[in-house]
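Working notes, beginning with the structure itself.
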Amino acid sequence: MLKGIAASEGIGIGKVMIIEEHSLDYTPRTIADTDAEIKRYQNAIEDFCKETMEQADALKKTAGKKEAEILEGHIQMAKDPMMDGEVSTLIKQNKCAEEAVDLTYSKYMEMFAQIPDEMMKQRAADIKDIKTALLSILLGINNIKISDAPAGTIIVATEVTPSMTASINKDHIVGIITETGSQTSHSAILARALEIPAVLSVEKATATISSGENVIVDGSKGIVIVGPSGNEVVEYTNKRDAFLRDKRELENYRGKPTRSADGTEYELFCNIGTPKDATKAMAADGEGVGLFRTEFLFMDRTSLPTEDEQFEAYKQAALILKEKGLIIRTLDIGGDKEIPYLGLTKEENPFMGFRAIRYCLKHRDMFKSQIKAILRASAYGDVRIMFPLITAVEELRKGKALVEEAKADLRASGIAFNEDIPVGVMMETAAAGVIADLLAKEADFFSIGTNDLTGYTMAADRGNSDVAYLYSPFQPSVLRMIESIIKNGRANNIPVGMCGEAAADPKMIPLLISMGLTEFSVSAPSVLKVRKNIAKWTKEEADKVTEKVMNMATEAEVLEYLNSILS
């Protein structure tokens with residue numbers, strides 16, 4: 001049995017096809033006719049863009065428009081004036097096109113890979129994909145094709161790139177195994193869009209597994225079974241059939257209210273990162289957006305987004321949601337992000353440094369511009385403002401005062417907005433949890449961000465394997481913090497939601513029902529599952545579970561008990 005990252009749920013049973021990588025070795029040479037070599041490079045760019053656009057068109061049909069945008073983004077990167085200019089400059093210095101492309105693209109790959117941010121690391125992977133394609137064209141190597149794979153094929157590769165994915169026939173490919181990748185990598189995103197079970201980051205998979213071998217891929221648990229026994233095949237065939245049955249059953253919850261077994265209704269929202277994600281949230285039957293991350297507007301550019309640019313993005317999301325709730329989180333960024341124009345300095349511990357609301361309150365003009373854009377968008381839907389990383393009442397008051405200033409500016413200009421726009425707090429720090437009673441008197445709503453709340457409460461970085469055992473929302477201290485936040489919110493008659501990953505965990509749902517949570521905000525693919533799980537519980541049943549859990553001393557006890565009642 002091999003283990004990796006569970007990237008796309010489901011069970012795949014089939015025979016392996018190893019995707020072998022062609023050698024891209026070349027011999028650097030001095031070029032005399034640099035104009036002709038630049039023309040050869042430009043022809044390669046044209047061929048790449050044409051082929052990639054064809055792949056994007058194919059991917060639109062198999063996976064969807066949003067997934068095809070990954071490849072369309074590759075075309076934009078290949079045409080980027082800065083990178084294109086650097087390649088041309090190297091060729092003018094008598095380097096061959098292969099070396100010029102290799103040096104330029106490798107430089108940018110290394111630059112993005114060193115940034116401790118998943119989005120930037122993914123950018124490095126994109127650049128590598130483009131470099132591989134361009135070198136293949138320049139060297140006359142045919143790209144890898146998966147379109148001829150027979151039915152029942154499981155792909156095993158070092159990585160599955162977006163360009164490779166475009167040729168996948170999802171009726172023939174029943175599983176994907178790679179040696180690299182994460183939950184948020186493009187390999188994972190595309191596998192989920194194609195609904196193909198996938199396990200990523202399986203060490204030495206291409207060397208350990210042979211072409212033609214029978215393999216089972218458990219994309220729900222991150223397990224790969226090579227050469228399964230007859231009993232294992234029967235066991236996992238039954239699991240696969242049960243998974244597909246459950247998936248079909250989820251459709252019974254589409255279009256239904258989110259309601260517990262005793263009739264209490266809840267808001268079931270989605271977390272999004274761009275306006276286009278709002279479309280995905282609505283397609284998934286989300287009832288609104290509980291967290292709209294605004295960082296995308298500030299990244300991958302050389303200057304601040306204008307108020308109008310921000311307004312158009314927020315307005316677009318509000319119009320897509322058609323009067324459904326839209327909670328927009330103000331800029332949550334710090335020294336861990338590489339955004340030169342913001343003047344963020346490197347810090348030893350950027351997650352406890354000058355970031356989020358702290359940075360925004362020191363840069364009032366920038367912050368007011370964002371607030372005004374959100375206020376303007378509130379004329380087009382049920383828009384709400386949420387401040388991140390609040391640790392003191394003063395921060396909330398200063399943020400609310402700036403909202404009032406922004407309102408006054410808009411009134412003076414005769415611009416419409418919602419005078420009664422709710423202003424809430426992202427409850428994600430231990431400090432906020434301890435003073436939840438004070439914050440609840442001045443906030444219009446709370447939204448619990450369990451990812452950071454867990455990390456800050458446990459003083460544990462989830463990316464540090466040495467302390468990962470502490471990073472769990474089921475730690476008694478975290479559960480008590482969640483309970484206190486909800487209790488204090490409800491005591492002051494404000495709604496309390498949760499937008500962290502724990503909101504979708506079946507084990508957490510009875511606890512949240514019992515504690516009095518009013519809104520769950522989850523990823524779009526989780527909406528129907530969460531609605532189904534909420535429907536299983538009455539308040540009385542949930543209270544009994546919570547009473548036992550809140551008297552337990554360790555995370556192990558909590559998980560053992562919750563797993564036992566769910567099974």
Side-chain angles (χ1 to χ4, degrees), residues 258 264-272 278 281 286-294 314 317-318 321 323-332 356-357 360 370-371 374-375 377-378 381-404 406-407 417-429 431-453 481-500 502-503 512-513 515-522 530 534:
T258 302
T264 303
E265 289 199 8
Y266 298 86
E267 290 184 307
L268 182 51
F269 288 177
C270 290
N271 302 326
I272 67 171
E287 298 163 17
V289 166
L291 171 62
F292 183 5
R293 305 177 184 92
T294 59
Y314 307 146
L321 293 176
E323 299 301 323
K324 294 182 177 180
L326 171 61
I327 298 176
I328 301 177
R329 184 180 70 185
T330 57
L331 183 63
D332 185 4
I357 193 71
C360 289
Q370 181 175 37
I371 290 170
I374 297 172
L375 284 169
S378 72
D382 180 9
V383 175
R384 312 164 199 176
I385 298 173
M386 180 163 66
F387 297 137
L389 203 74
I390 293 292
T391 55
V393 171
E394 295 92 327
E395 292 169 330
L396 175 57
R397 288 177 179 171
K398 288 176 182 177
K400 289 176 69 176
L402 204 57
V403 171
E404 293 306 314
K407 286 181 179 180
F417 64 91
N418 176 14
E419 286 278 1
D420 299 318
I421 188 169
V423 178
V425 173
M426 183 99 162
M427 302 293 284
E428 56 187 329
T429 67
V434 171
I435 59 167
D437 58 327
L438 303 177
L439 291 171
K441 290 179 173 62
E442 306 198 26
D444 294 317
F445 64 89
F446 285 163
S447 185
I448 303 170
T450 49
N451 299 358
D452 281 339
L453 183 64
M481 191 70 75
I482 292 170
E483 183 182 45
S484 174
I485 291 168
I486 297 173
K487 177 183 175 182
N488 282 292
R490 297 301 298 272
N492 286 275
N493 298 312
I494 65 170
V496 183
M498 180 178 285
C499 57
L512 298 177
I513 288 173
M515 292 173 185
L517 196 79
T518 55
E519 173 238 302
F520 295 73
S521 192
V522 301
V530 172
I534 289 173

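Please read these numbers as outputs of a predicted model, since none were measured by experiment.
Under the salt bridge (Lys or Arg N to Asp or Glu O under 4.0 Å) criterion, Lys407 pairs with Glu404, not counting sequence neighbours.
With values rounded to the nearest 0.5 angstrom, Ile328 atom CD1 is found 8.5 Å from Ile272 atom CD1. A distance of 7.0 Å separates OG1 of Thr391 from CD1 of Ile435, quoted to the nearest 0.5 Å. One distance of note links CG of Asp382 with CD1 of Ile421; it measures 9.0 Å at 0.5 Å rounding. We find the CD-CG distance between Glu267 and Leu517 to be 10.0 Å, quoted to the nearest 0.5 Å. Put simply, OG on Ser521 and CD on Glu287 are 10.5 Å apart, with the number rounded to the nearest 0.5 Å. Here the NZ atom belonging to Lys441 is positioned 10.0 Å from the CD1 atom belonging to Ile494, to the nearest 0.5 angstrom.
Side-chain contact between Tyr314 and Leu326 is absent, with no heavy atoms from C-beta onward closer than 4.5 Å. Residues Met426 and Asp452 are not in side-chain contact: their nearest non-hydrogen atoms beyond the backbone lie 4.5 Å or more apart. Looking only at side-chain heavy atoms (C-beta outward), Ile482 and Leu453 come within less than 4.5 Å of each other. Looking at Leu389 and Glu428, their side chains come closer than 4.5 Å, going by heavy atoms from C-beta outward. In this structure, the side chains of Thr330 and Pro388 come closer than 4.5 Å at one or more pairs of heavy atoms. Phe445 has its side chain within reach of Arg384: a pair of non-hydrogen atoms, C-beta onward, lies under 4.5 Å apart. Under the 4.5 Å side-chain criterion, counting only non-hydrogen atoms from C-beta, Ile357 is not in contact with Lys398. In this structure, the side chains of Phe520 and Ile534 come closer than 4.5 Å at one or more pairs of heavy atoms.
Contact detail for Gly449 and Cys499: the closest heavy-atom pair is CA-SG, 4.2 Å. Counting all heavy atoms, side chain and backbone alike, Phe292 lies closest to Ala317 at CE2-CB, 3.8 Å. Scanning both residues, Val383 and Pro422, for their nearest heavy atoms gives O-CD, 3.8 Å. Shortest non-hydrogen contact noted between Ala318 and Ala377 is CB-O, 4.2 Å. Considering all non-hydrogen atoms of both residues, Leu396 and Ile390 come closest at N-CD1, 4.0 Å. In plain terms, the two heavy atoms of Met386 and Ser447 that are nearest each other are SD-CB, 3.4 Å.
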Go through the steps for Leu512 and Tyr266 under the test side chain to side chain contact (heavy atoms under 4.5 Å, CB included), then give the verdict.
-> CA-CA 11 Å; Leu512 298 177; Tyr266 298 86; over 6 Å; no

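At least one donor-acceptor pair closer than 3.5 Å links the side chain of Asp444 to the backbone N or O of Val423.
When the shell of 6.0 Å around CZ of Arg293 is examined, it contains more than 12 heavy atoms from other residues, nucleotides or ligands. More than 12 heavy atoms of other residues, nucleotides or ligands shown are found within 6.0 angstrom of NZ on Lys400.
Results of the side-chain contact (heavy atoms from CB on, under 4.5 Å) test with Glu519 over Thr258, Ile448, Ile327 single out Ile327 as the only residue that passes. Shown are Ile486, Val425, Asn492; of these, the side-chain contact (heavy atoms from CB on, under 4.5 Å) with Phe446 is made only by Val425.
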